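Worksheet: the structure to be examined is printed underneath.
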There are 2 protein chains.
Amino acid sequence: MAPKEKATDTASTKVAEALAEAIHEHRIAPGTKLNEDEVGEVFGVSRTVIRAALQQLAHQRLVELKRNRGAFVARPTVKEAREVFEARALLEPTMTRHAAERMTDADVAILQSHIDAEHAALAAGQTGKALQLSGQFHVEVARIADQSTIEEIIAQLVARSSLIIALYWQRRAALCESNAHHALIRALANKDGALAEELMKNHLLDLLTSLDLREQTSAPQSLSEALKA
Amino acid sequence: MAPKEKATDTASTKVAEALAEAIHEHRIAPGTKLNEDEVGEVFGVSRTVIRAALQQLAHQRLVELKRNRGAFVARPTVKEAREVFEARALLEPTMTRHAAERMTDADVAILQSHIDAEHAALAAGQTGKALQLSGQFHVEVARIADQSTIEEIIAQLVARSSLIIALYWQRRAALCESNAHHALIRALANKDGALAEELMKNHLLDLLTSLDLREQTSAPQSLSEALKA
DNA sequence: TGATCCAAAATCGTATACAATATCGTGCAC
DNA sequence: GTGCACGATATTGTATACGATTTTGGATCA
């Protein structure tokens, strides 16, 4: 339960991870300004490390940096949402096929543990946690495919997807995901690359269509941002 | 000719761009340590902005950050080289097809000007510059496809490719590239999506096979690095 | 001679201080 | 009463100072 200390990581990374988790769990609303002094006080560190953390998050597109204005939690547009899933649609099915060809028993166990943890989190009402674990499943597939470069790209896209889902999710069908993952894991365990690829393709499409991507879904968070947009 | 000042960019970005250019043109050898004080003196700024710049470059995988040890120019492995081109192979052909469908006369002109500039640089012996322009061609294709998210990913992959090419290029066939781009531009101008897609796929394969990716091509830059690897 | 340990130097990580810029409120002119 | 200008305030951008960690060199001892 205690956060595992990665001694090799710098302080800014830990802050970035904490902020990312908060953003993914939608505890910080998109568009929120992240004041450096304020955040620094919360984490008990100086602005130096906060700035480094914010820069990391900006590279992941989880926050937006505006010169002399500050950092704001990203508010992915509908277009961006589509683009992220378009990118995933181009990368992940092929990764899944490759993963099926290299699948080991250990890999099956790892993926299964992800699903289990996801179910546990869901049962405990930890929606954010479940979402993160669900995303991690996709990253693991790329890892199994032994494509670390694409794995990183997918990790970033998954992180952005998490924010997108938090924003545009039309509430319903919370566990259909796990079912999709369950079918996927079976195809992967059977080394059925073609089926796994197809399942992943459909899974991503399902995810996309489960979003409400009509233009300007809800009223903008703040009036000021709305008028500037 | 003068570097255009982007007033909206922070100082660290300018330093990062300058360093990136130097790395791409292979004026700084892979594996070279980038001492913060030293680099800071060169650019006449403090370590604060240098650190920010190095962090940006680390995110692009152009430099590697080692805790308490410093920043080193990245030395992509053979595996990483293959992975980068695998990622590009998954993304760019589809982008090319989409670009063909949205191509305007202005876009044709832009792409043509890229090729012309590339030829000019090549004629002037500016190999590094030509390489960069050649890469920019690929980024432009994604822009024309109106996929800014994938455009960013490709931009990053192209940047890494530039370093990879500088490392693993087996000297020969310098201008076959431009020919490939020329054929591509014609297919794009004719809005022949299928042909453009195929040409891009082959072009990327050509690029990959033009590299010498046998294990451990040349002797490592430094003994110390060699022994640690 | 070789290895080991320790101290000194170098370098990175973080905090603080100062400068530049943007934001916001107030007052004045019309 | 409205619009604009200007100064006060807040916030970011950059530089510098200090502490922590690593590296390096030499001295000591087997």
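Numbers restart at 1 for each chain; the letters A, B, ... are given by sequence-line order, proteins then strands. The basis for the numbers below is simple: all heavy atoms, side chains too, and nothing from hydrogens, waters or symmetry mates. This structure is a prediction, so every number in the text was calculated from the model and none was measured.
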Exercise for review: Mind calculating the distance between CD (B:Q56) and P (D:dG13) to the nearest angstrom?
Suggested key: 12 Å

Exercise for review: Examine the side chains of A:D107 and A:T104 and answer whether a donor and an acceptor come within less than 3.5 Å of each other.
Suggested key: yes

Review point. What's the NZ-P distance between B:K66 and D:dT23, to the nearest Å?
Key: 10 Å

Check your understanding: Under the salt bridge (charged side-chain N to carboxylate O under 4.0 Å, His left out) criterion, do A:E83 and A:K79 qualify, and how do the steps go?
Key -> CA-CA 6 Å; A:E83 287 182 352; A:K79 178 167 187 293; 2.4 Å; yes

Review point. Quick one: is D:dT12 close enough that its OP1 or OP2 comes under 4.0 Å of any side-chain N or O from B:T10?
Key: no

Polar atom pairs (N or O), protein with nucleotides 8-11 of chain C, under 3.5 Å:
residue, atom, partner, partner atom, Å
C:dT11, O5', B:N35, ND2, 3.4

Review point. Does the side chain of B:R88 come within less than 4.5 Å of B:F85's, by heavy atoms?
Key: yes

N/O donor to acceptor pairs below 3.5 angstrom from side-chain atoms of residues 153-160 of chain B, sequence neighbours left out:
residue, atom, partner, partner atom, Å
B:R160, NH2, B:E80, OE2, 2.8

Check your understanding: Roughly how many Å is it from CZ in A:F43 to C1' in C:dT14, rounded to a whole number?
Key -> 16 Å

Exercise for review: Provide, to the nearest angstrom, the distance between the NZ atom belonging to B:K14 and the C1' atom belonging to D:dG13.
Suggested key: 12 Å

Check your understanding: Among B:R47, B:H59, B:E64, B:E36, which residue meets the side-chain contact (heavy atoms from CB on, under 4.5 Å) test with B:L54?
Key -> B:E36

Point to revise | Distance in angstrom units between B:R67 CZ and D:dG19 C1', rounded | key: 13 Å

Exercise for review: Measure the shortest side-chain to side-chain distance between B:L163 and B:R61 over non-hydrogen atoms and say whether it is less than 4.5 angstrom.
Suggested key: no

**Study point:** Ion pair check, A:E17 and A:K14, cut-off under 4.0 Å
**Key:** no

Check your understanding: For A:E92 and A:H138, does a side-chain donor sit closer than 3.5 Å to a side-chain acceptor?
Key -> yes

Point to revise | Nearest-Å distance for atom pair CG/P, residues B:L65 and D:dT21 | key: 18 Å

Practice item. Dump the intermediate steps for side-chain contact (heavy atoms from CB on, under 4.5 Å) on B:T149 and A:E86, then the final yes or no. Key: CA-CA 9 Å; B:T149 297; A:E86 166 94 15; over 6 Å; no

Practice item. Could you tell me the separation between the CD1 atom of B:I50 and the P atom of D:dG13, rounded to a whole number of Å? Key: 17 Å

Shorter than 3.5 Å, N or O on both sides, protein versus nucleotides 15-18 of chain C: list them out with atom names.
residue, atom, partner, partner atom, Å
C:dA15, OP2, A:S46, N, 2.9
C:dA15, OP2, A:S46, OG, 2.7
C:dA15, N7, A:T48, OG1, 2.8
C:dT16, O4, A:T48, OG1, 3.4

